[in-house]
Number of protein chains: 2
Amino acid sequence: MGGPRFEPVRTVRAYERIVEQIEEAIESGALGPGARLASERELMVQFSVSRSTVREALRVLQSRGLVRSRPGDPNGAEVLPFSPAALHKSMTTLARVAELSLSELVQFRMVLDAAALLLAARLRTEEQLEEMAAAVERMKEADRDTFSDADVAFHDVVARASGNKLIQVCTDVVRSVVVGLIAGKIAAAPDEEALMRRSIAHHEEVLAAVRAGDGPLAARLFRRSVYDYYAGYVPEEERIALQALLE
Amino acid sequence: MGGPRFEPVRTVRAYERIVEQIEEAIESGALGPGARLASERELMVQFSVSRSTVREALRVLQSRGLVRSRPGDPNGAEVLPFSPAALHKSMTTLARVAELSLSELVQFRMVLDAAALLLAARLRTEEQLEEMAAAVERMKEADRDTFSDADVAFHDVVARASGNKLIQVCTDVVRSVVVGLIAGKIAAAPDEEALMRRSIAHHEEVLAAVRAGDGPLAARLFRRSVYDYYAGYVPEEERIALQALLE
DNA sequence: CGTAGCCTACTGGTCCGACCAGTGCACTAG
DNA sequence: CTAGTGCACTGGTCGGACCAGTAGGCTACG
């Protein structure tokens with residue numbers, strides 16, 4: 001004992017090394033969006049591996065949303081601009097295997113969008129205010145199908161105005177996961193017409209608060225709005241958890 | 001014109017179909033954690049595809065953190081319990097390619113952990129309060145290396161006490177991404193000793209607020225604590241964005 | 001001379017068969 | 001009965017093959 005300290009060696013697969021290298025090139029910016037990787041047959045020469053190994057690496061990169069392959073493309077795989085698709089996928093998986101309840105997701109949305117409003121109330125530009133107002137107008141004239149589009153547009157502007165890209169992406173992801181979950185239980189929807197009218201009124205109040213620069217008020221109003229909108233979908237015993245965020 | 005409406009056909013690759021099927025089995029619970037998939041050679045019979053195709057599907061599932069393969073394992077791939085590893089990976093990628101600033105990440109942490117505190121102040125059990133207290137005690141006796149472990153432990157209990165698994169996972173992910181980013185610029189660290197003392201004092205105040213059931217106070221104190229701790233790492237022009245959350 | 005259409009040289013998707021280095025278990029030799 | 005060995009599997013990697021696409025050059029026709 002007391003000899004040289006050996007470290008356990010971690011056998012690392014060939015395809016993982018390839019993933020690491022290409023990933024590094026993309027994340028460091030050496031390969032920007034739109035750039036092309038060499039063809040699989042050329043990559044197998046560059047990496048000195050077989051095509052199977054190259055392909056397994058590309059599959060991983062593709063599942064992470066970093067590249068895309070198209071058959072017949074004379075160039076190799078294309079480097080994609082970042083998209084929250086992978087984040088969305090992970091969160092959807094989380095929602096299913098961890099059995100996330102709707103109330104947990106709605107809670108999360110209340111937290112994130114409220115934070116976005118808090119920041120947006122301070123940092124929004126005049127132009128963004130106009131965009132928000134336009135979105136609310138569209139909500140008024142919308143029917144059942146286009147209503148949520150306008151709703152999304154409103155909150156998208158808010159998220160952008162927050163100046164925090166992470167908040168922007170996450171609000172987007174969470175919102176779509178919630179919508180996906182709601183879609184499954186649309187049958188249980190209460191009176192939609194009344195919900196829409198109420199939601200519009202709330203949005204106008206929120207917009208006014210943002211315009212006035214009162215972030216805390218906007219956040220508070222928004223949480224109330226979300227609660228009102230989703231409470232009908234949430235089992236009664238879970239509503240208490242949502243109310244905890246209303247204060 | 002006016003003929004039957006045709007929909008564009010999306011060519012779907014064989015390995016994607018396999019991914020879908022296995023994914024569905026896992027997410028629906030038909031295959032729980034610890035369950036074993038058949039061996040690759042058997043799967044290629046079941047799906048009527050070649051082993052390459054099976055392997056590409058498994059690579060994708062593996063990169064999503066759903067299964068793990070080990071060479072020599074007499075059973076097939078193992079179904080893993082959900083881990084936020086995939087979520088973590090996606091967010092790290094986002095941080096790099098979207099060039100997330102440290103302040104954006106810290107901001108996100110302020111928002112999420114504050115929300116966790118807000119909920120925990122209402123829902124925490126006596127036992128969890130004791131865990132939090134124990135973590136703070138460990139912070140007092142810790143040196144530079146173990147300090148952040150105790151810090152993490154404290155906030156982990158809080159996140160658990162919030163009763164929201166999504167918040168729990170996301171706080172964890174964001175925290176480790178922040179730590180990973182900080183580690184790169186540890187050279188720029190200000191006086192750590194003073195930071196630690198101050199952080200401990202703040203944690204005690206937060207704990208007291210949680211014990212008293214005053215969520216808003218706990219959240220406010222926490223945001224201040226995070227700000228004090230990280231402000232030194234953040235470029236001056238970005239601090240304003242953080243201060244917006246202090247109110 | 002210009003252009004419409006074909007043709008070829010690529011691409012990725014899939015399949016097959018093979019070999020290697022591990023692992024676990026049954027079987028055997030002590 | 002136990003210790004040790006070998007076998008029958010596993011996944012990882014390789015090489016070659018074929019197919020269905022695509023893009024762009026080339027040819028033949030107007």
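Numbers restart at 1 for each chain; the letters A, B, ... are given by sequence-line order, proteins then strands. Given the structure is predicted, the values throughout are model-derived calculations rather than measurements.
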Q | Side-chain N or O of R55(B) closer than 4.0 Å to phosphate OP1/OP2 of dG12(D) | A | yes

ask   = Can you tell me if H155(A) and T171(A) form a side-chain donor-acceptor pair at under 3.5 Å?
value = no

From CG of L61(B) across to P of dG11(D) the rounded distance in Å is 14 Å

Here the distance between atom P of dT11(C) and atom CG of L43(A), to the nearest Å, is 10 Å

Regarding the side chain of S50(B), the nearest nucleotide among dT14(C), dC19(C), dA23(D) is dT14(C)

Regarding the side chain of S69(B), the nearest nucleotide among dG13(C), dG11(D), dC14(D) is dG11(D)

Testing dC14(D), dG11(D), dT11(C) for proximity to the side chain of S39(A), the answer is dT11(C)

Please determine whether any donor N or O and acceptor N or O are separated by less than 3.5 Å between the side chain of R51(A) and the base of dG13(C). yes

Between CD1 of I18(A) and C1' of dT13(D) the distance, given in whole Å, is 11 Å

From CZ of R36(A) across to C1' of dT22(D) the rounded distance in Å is 12 Å

Open item on the list: Please check: side-chain N/O of H88(A) versus main-chain N/O of P84(A), any donor-acceptor pairing under 3.5 Å?
Closed with: no

- Query: Looking just at side-chain N and O atoms, do T146(A) and D149(A) make a donor-acceptor pair shorter than 3.5 Å?
  - Reply: no

- Task: Verify the contact: side-chain N or O of R59(B) to OP1 or OP2 of dG12(D), cut-off strictly under 4.0 Å; return yes or no.
- Result: yes

note: N75(A), atom CG; dA23(D), atom P; distance rounded to Å ~ 10 Å

When you compare the side chains of S101(B) and E104(B), does any donor N or O come within less than 3.5 Å of an acceptor on the partner? yes

Separation of dT11(C) atom C1' from D73(A) atom CG, nearest Å, is 7 Å

Of dT14(C), dT13(D), dG11(D), the nucleotide closest to the side chain of T53(B) is dT14(C)

State whether R36(A) and D73(A) are salt-bridged, where the test is any N-O pair (Lys NZ or Arg NE/NH1/NH2 against Asp/Glu carboxylate O) under 4.0 Å. yes

Rounded to whole Å, CE of M44(B) lies from P of dC15(C) at a distance of 9 Å

Query raised in the report: Is there a side-chain polar atom (N or O) of R13(B) under 4.0 Å from OP1 or OP2 of dG13(C)?
Result: yes

Side-chain atoms of S52(B) come closest, of dC18(D), dC16(C), dG11(D), to dC16(C)

Judged by nearest nucleotide, the residue sitting upstream toward the 5' end of DNA chain D, R41(A) or Y15(A), is Y15(A)

Here the distance between atom P of dC16(C) and atom CZ of F47(B), to the nearest Å, is 16 Å

